[in-house]
Amino acid sequence: MVRLTRRCTFILRPKAPYSFELTVRKPAGWNLFTPSEIYEGGALSTALHIDGRLVGLKLVSGGDTDSPRILATAVLEREPEPSLKRNLRRSLEDMLGTNEDLGGFYAMARRDSILRHTIDDLRGMHDTHPSDVFGSAILAVCLQMAPIKRSEAMMACIMARYGEEAEFEGERVRAWPLPGTISRLMPEELARVCRLGYRARRIVELANALLDGGFPTMEELARLPPEEAKEKLMELPGIGNYSADIVSPKAGFPIDVWSADVFGKLFYGKEPEDARAAVETIKAEGIRRWGKWSWMAFFYIAQDLENLSRKLGVQLRLQ
DNA sequence: GCGTCCAGGTCTACC
DNA sequence: GGTAGACCTGGACGC
């Protein structure tokens, strides 16, 4: 456990509309940065690595959806140098999507028979971007070929055994493990301890690949053309078409067996008979229909299944 | 209680 | 280049 005491605070002014609650705590339960983060009384406490340093982060809203303000307190082990402070602010803005303009997506969504409901339900929800390629890749690998409960159990074990625990502002939160921590493990040990099965070897190979250096950071991936970023990610062991869309979803429409059922109903009025076989067809239809907004469309729909089920009169299967 | 099936994919050997 | 089959584990299901 690492005790963090050096605080620096930032006031962020996101582009409106920006709903703090919907953005940091997604309705479908997606985490902002790590599975162990805490959301209480309108404040989110989380932990992550920025520039290789463990950072505890507390976020509180200081405004509302139409005139948003976020009070961010970053807590580190040692006093951050000025360049790190600048990086912290820039990273926070990138990760929280504060400069993202929802206008283009909303203009398209208003003309779409499915999306027009979601933008009413989730007005001001922004996409967020974890800083950590390795953490996102672990998440993607744990989602492969497993029911969601088992994926959650695998991730919880990885966090509990190998994640770095930060204590700050009266909270304890674990950040995703660093590649260096996992690369020291034998795959057989990781498989046995966390019941990862064949995924253990992939996660250790991922750690080694990222540890070698030279792989772009999440920030650098975000600056690449989306298709190029995806190709780069698919060079990593264990990361295929679906997982690349999970790690860096800008270019993607991450259809899997679960979402093939949901989008099959939305597009064609019924679940596909063979969801696995229908994945590529449904993915192509999503990209044809929503083009450069495919990921945002997927994101908004995935967070709004309950409301959409009611409004469209279609039972969309929830997690 | 026991056996079987399969799940929010990826990789590889084989053709 | 296209594609079947293997891959861990554990919950659900049928008997």
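Per chain, numbering begins at 1; letters A, B, ... match sequence-line order.
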Can you tell me the distance, in whole Å, between the CD atom of A:Glu205 and the C1' atom of B:dT12? 13 Å

Near A:Arg289 CZ, under 6.0 Å, is it more than 12 heavy atoms from other residues, nucleotides or ligands? yes

How close or far is atom C1' of B:dG9 from atom CD1 of A:Ile138, stated in whole angstroms? 17 Å

Could you measure between the two P atoms, the one in C:dC8 and the one in B:dA13, and give it in whole Å? 15 Å

How about A:Met186: does its CE atom have over 12 heavy atoms from other parts shown lying under 6.0 Å from it? no

How about A:Arg89: does its CZ atom have over 12 heavy atoms from other parts shown lying under 6.0 Å from it? yes

By the 4.0 Å heavy-atom rule, please label A:Pro254 as base, sugar-phosphate, or nothing. nothing

So what does A:Ser243 touch, heavy atoms closer than 4.0 Å: a base, only the sugar-phosphate, or nothing? sugar-phosphate

What integer number of Å spans the P atoms of B:dT4 and C:dA6? 16 Å

I need the CD-P distance between A:Glu271 and B:dG8, as an integer number of Å. 12 Å

Donor-acceptor pair, A:Lys58 side chain versus A:Ala43 backbone, under 3.5 Å? no

Do the side chains of A:Tyr268 and A:Glu285 get nearer than 4.5 Å, heavy atoms only? yes

Check whether any side-chain N or O of A:Glu77 sits under 3.5 Å from a backbone N or O of A:Arg3 as a donor-acceptor pair, and report yes or no. no

Sticking with atom P, work out how far B:dC5 lies from C:dG5, rounded to a whole angstrom. 15 Å

For atom CZ of A:Phe253 and atom P of B:dG9, their distance in whole Å: 15 Å

Once each nucleotide of nucleotides 8-14 of chain C is scored for protein heavy atoms under 4.0 Å, what B/S/- sequence comes out, 5' to 3'? BBS----

Length of the CG-P vector between A:Leu143 and B:dC6, whole Å: 21 Å

In the single-linkage hydrophobic clustering (I, L, V, M, F, W, Y; side-chain heavy atoms under 4.5 Å), do A:Leu92 and A:Val75 co-cluster? no

Using a heavy-atom cut-off of under 4.0 Å over every strand shown, decide if A:Ile246 touches base, sugar-phosphate, or nothing. nothing

Writing each nucleotide of DNA chain C 5' to 3' as (, ), [, ], | or . by Watson-Crick or G-U pairing under 3.5 Å yields |||||||.|||||||

Please give the distance between the C1' atoms of C:dG10 and B:dC11 as a whole number of Å. 23 Å

Check whether any side-chain heavy atom of A:Pro35 lies under 4.5 Å from a side-chain heavy atom of A:Trp176, and answer yes or no. yes

Residues A:Cys142 and A:Ile203: closest non-hydrogen pair is SG-CD1, 4.4 Å

Roughly how many Å is it from CD in A:Glu280 to P in C:dG2, rounded to a whole number? 13 Å

Could you tell me how far apart A:Leu236 (CG) and B:dG9 (P) are, to the nearest whole angstrom? 19 Å

To the nearest Å, how far apart are A:Leu206 CG and B:dT10 P? 11 Å

Applying salt bridge (charged side-chain N to carboxylate O under 4.0 Å, His left out) to A:Asp64 and A:Arg69, what does each step give before you reach the verdict? CA-CA 7 Å; A:Asp64 57 37; A:Arg69 219 160 59 118; over 6 Å; no

